[in-house]
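Any value given below was found using the heavy atoms of this structure, including those in side chains, with hydrogens, waters and symmetry copies removed. Chain A is the first sequence line, chain B the second, and so forth, proteins listed ahead of strands; every chain is numbered from 1.
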4 protein chains.
Amino acid sequence: MSDDARRARWERSGEWPLTVAALVFLVSYAWPILDPGLDAAVVTALDVVTWVAWAMFAVDYGVRLWLAEHRVTFFRKNLLDLAIVVLPLLRPLRLLRLFTLLAVLNKKAGGSLRGRVSVYIGGSAVMVMLVASLAVLDAERGAPDASIDSFGVALWWAATTVTTVGYGDFYPVTTEGRFVAAGLMLAGIAIIGVVTATFASWLIDRVREIEDEASEQAPSKRDVLRLTDEVRDLRRVVEELRSQK
Amino acid sequence: MSDDARRARWERSGEWPLTVAALVFLVSYAWPILDPGLDAAVVTALDVVTWVAWAMFAVDYGVRLWLAEHRVTFFRKNLLDLAIVVLPLLRPLRLLRLFTLLAVLNKKAGGSLRGRVSVYIGGSAVMVMLVASLAVLDAERGAPDASIDSFGVALWWAATTVTTVGYGDFYPVTTEGRFVAAGLMLAGIAIIGVVTATFASWLIDRVREIEDEASEQAPSKRDVLRLTDEVRDLRRVVEELRSQK
Amino acid sequence: MSDDARRARWERSGEWPLTVAALVFLVSYAWPILDPGLDAAVVTALDVVTWVAWAMFAVDYGVRLWLAEHRVTFFRKNLLDLAIVVLPLLRPLRLLRLFTLLAVLNKKAGGSLRGRVSVYIGGSAVMVMLVASLAVLDAERGAPDASIDSFGVALWWAATTVTTVGYGDFYPVTTEGRFVAAGLMLAGIAIIGVVTATFASWLIDRVREIEDEASEQAPSKRDVLRLTDEVRDLRRVVEELRSQK
Amino acid sequence: MSDDARRARWERSGEWPLTVAALVFLVSYAWPILDPGLDAAVVTALDVVTWVAWAMFAVDYGVRLWLAEHRVTFFRKNLLDLAIVVLPLLRPLRLLRLFTLLAVLNKKAGGSLRGRVSVYIGGSAVMVMLVASLAVLDAERGAPDASIDSFGVALWWAATTVTTVGYGDFYPVTTEGRFVAAGLMLAGIAIIGVVTATFASWLIDRVREIEDEASEQAPSKRDVLRLTDEVRDLRRVVEELRSQK
């Protein structure tokens, strides 16, 4: 078995354990943020769980790097994966693993490409807003002058940011919170872009369908193949003619 | 008559009564919001009217569920309809029934797909802004620190929100008002997306038309069919040739 | 000469006088707004000029309505023109006539459809921002609590609004100013939509061109016609064959 | 050698020196902005370096104008280049030369048109935000009531502006700073447009590919050419038949 096949098998078999790890990470990450008056012992326990989930991500990255045929190429193409494991600032991004769940949901939904893009973007928007709300609340709480001090307010702030409305009634004041905000803004622009693009694609196709019905149709491959058969038949007739001589 | 045909008939015959119910609901919903000093007796009367309209929606949902051939499928595909009937928070969404009016207007307008999309999006934008203004005013009025305290201000707030400008001179401070705002932001992004997509579709078609005139044309189906006739004629000639022998 | 031909001639010959009237209107509209300490006599003179320009627009509308073959149709299709003449609130929209200048500039520039759309949208954006700045300054100046009190600030406000950034450092507080703002927001969304659509159209065409070069080409009409000639020649040969018998 | 060929050679050989000049300009422009307490002697030295870089740009423009075959056309088509050299306000735009670096990076990356557009837009967004942050900090620092007073805050402001979120926690108050902001807003709209357009183009192509596989295929040029060969063969056979007589 080649290294690449081995790596593919590893990735397939690791999909579910890592998704579970991400879910566990979500709980142990979100709980102390949502409940600031948590018992110290619980916080410690959740901390341990967080580290175990981290270890799983780190081991997964290491094994994949080790199994890759061209390690330099793998390294260069998976910089984000490395950054998520190594940089504490990007810790919330470990929850990106949960997109696997979305992919599974999507496969079950089946349907057209546009339908699947819609499900994906809807799910991503909700997930990104939740993660950003948690991350910004984690960063802001405790900072002097911070206005984002509860999960409800953080969610509301995330909604005004991801839609680029930006009232300015709440905004992050810490460096870490501002990085979260910048990521959320990027996500917002991507979401707006995808919504627009999906509708544009639908509209362009619908207009074309209507036009196709109305105007002269282009010949189909089948038309040309039928014509080719016709000519081949003709040739056979003429060859018979020759042989009769 | 099959159940599905019966349901279709029910939906067709219920279209207008429900639109009228939605209009009546609009009046009895909007009046106490617009005129906070309304006489208590009138408020009670309007409340009764609101409940009657609600009963019509509830009965309609029940009959449609009962007539559906596959009730589980119907239930799953009409979750929004159920939510509008059951959840008091989604009460303003009962006005979505008024889109029937828009559909009728649109059918009369006729014209191209893009034209109809434009009418639809324009009408939807106005309707969504009106409903959101009423709903946010209903939610905010009376809340301490609320700045949205008149219908004019609510409309202005809706305009700055739906266009994602978001000055921040007015914004909701209650949970219910913020849900209304989130819905309006979503509507705003959808509207921006549709405006962009409609123009993109128009521009792409126009550019293609100009290019089609300028460049070598693709063969039309008619060209290929004419060629096929030509070959068939040829075959007949050759077959005559053979039979003459 | 038919009525419609007469109307077309009237519109053609009225194009330049009305553009000049709009320019004169711009000056007499903008001057008192930009220089609030203007001498009363000058203000009166400019007022007279404004009324003369208005009279020209009104006469133009009247003559076009009178010359129209189907007056009801003309009336329904030119509601905006009527509104601009009749409603004092829409007075700044009389400057829309200046778009004629843009059209002339554009015709001189020539070039591709996308190029012309770009020129048009650039010119429109500048013009809309200028007119909105003047109109909002006119509406806001003198209002208590108004923050937009100079043309520079009005221009800056227009820039933050048309791009939907909406910092909220300046915003209109009067009803008339808010209508101007709503118009500017709509223009902003239209401009963003057109910018996006223009680039999308360009990108889609470029990608298609590259793909066309790389992939199997579709047959051109010329290819099929050449084939048809080929078959026709064959037929002639076979018919000669028959006649030789 | 013609003048145009000479100009092309000049531009090719000047590409790298001018990029280095832009880099040097970046350092000597950014340093005093980032470190306001810089020693006066260093400031003077950096000023000299800035002027040398400026001289290089000015000489480059002069030589290109002198070598151009049609100087008036060159002048009209390169108004931005002239403005960057002549207007002190547009000084930060001299850094646009650094886009050459982006072009080189892009050429190395290779890949599809959409891929290259993505790299370009990502790089441009980062570069535009950096330059706008420096420029706005330069303009605002020292102004009374200015809130943008550090590079971190300037970067955060640039992020909220370029994504059109516009919280309004920070905004420029000087005329020069507002011009920088207007430029950044324009860049933001362009970036949002390009992101949307790139995704739309991708989605439209993907939908078409899937449809092409599912539906009747259009005939390829090769199919028609094969048919033509078939007919030509037939003709030869018939001509042989004739000659056998």
Enquirer: If you count heavy-atom pairs under 4.5 Å with chain A, which of B/Ile189, B/Leu186, B/Val173, B/Thr175 comes out on top?
Expert: B/Ile189
Enquirer: Does anything in residues 157-167 of chain B reach chain A? List residues with heavy atoms under 4.5 Å apart, or say none.
Expert: B/Trp157, B/Thr161, B/Thr164, B/Val165, B/Gly166, B/Tyr167
Enquirer: Is it true that atom OH of B/Tyr61 has more than 12 heavy atoms of other residues, nucleotides or ligands lying nearer than 6.0 Å?
Expert: yes
Enquirer: In terms of heavy-atom pairs under 4.5 Å with chain B, which of A/Thr198, A/Leu155, A/Asp169 leads?
Expert: A/Asp169
Enquirer: Mind checking side chain to side chain contact (heavy atoms under 4.5 Å, CB included) for A/Ala200 and listing every partner two or more places apart, or none if nothing turns up?
Expert: B/Ala197
Enquirer: Measuring from A/Ile204:CD1 to B/Ile204:CD1, what's the distance to the nearest 0.5 Å?
Expert: 3.5 Å
Enquirer: Looking at A/Phe151, I want to see if its CZ is surrounded by more than 12 non-hydrogen atoms of other residues, nucleotides or ligands under 6.0 Å.
Expert: yes
Enquirer: Can you name the nearest heavy-atom pair linking B/Gly193 to A/Thr196, along with the distance?
Expert: CA-OG1, 3.2 Å
Enquirer: If you look only at pairs with a residue in residues 180-203 of chain B, which of them pass as a ring pair (Phe, Tyr, Trp, His ring centres under 6.0 Å), with sequence neighbours excluded?
Expert: B/Phe199-B/Trp202
Enquirer: Could you list which of residues 22-31 of chain A have a heavy atom closer than 4.5 Å to any heavy atom of chain B, in residue-number order?
Expert: none
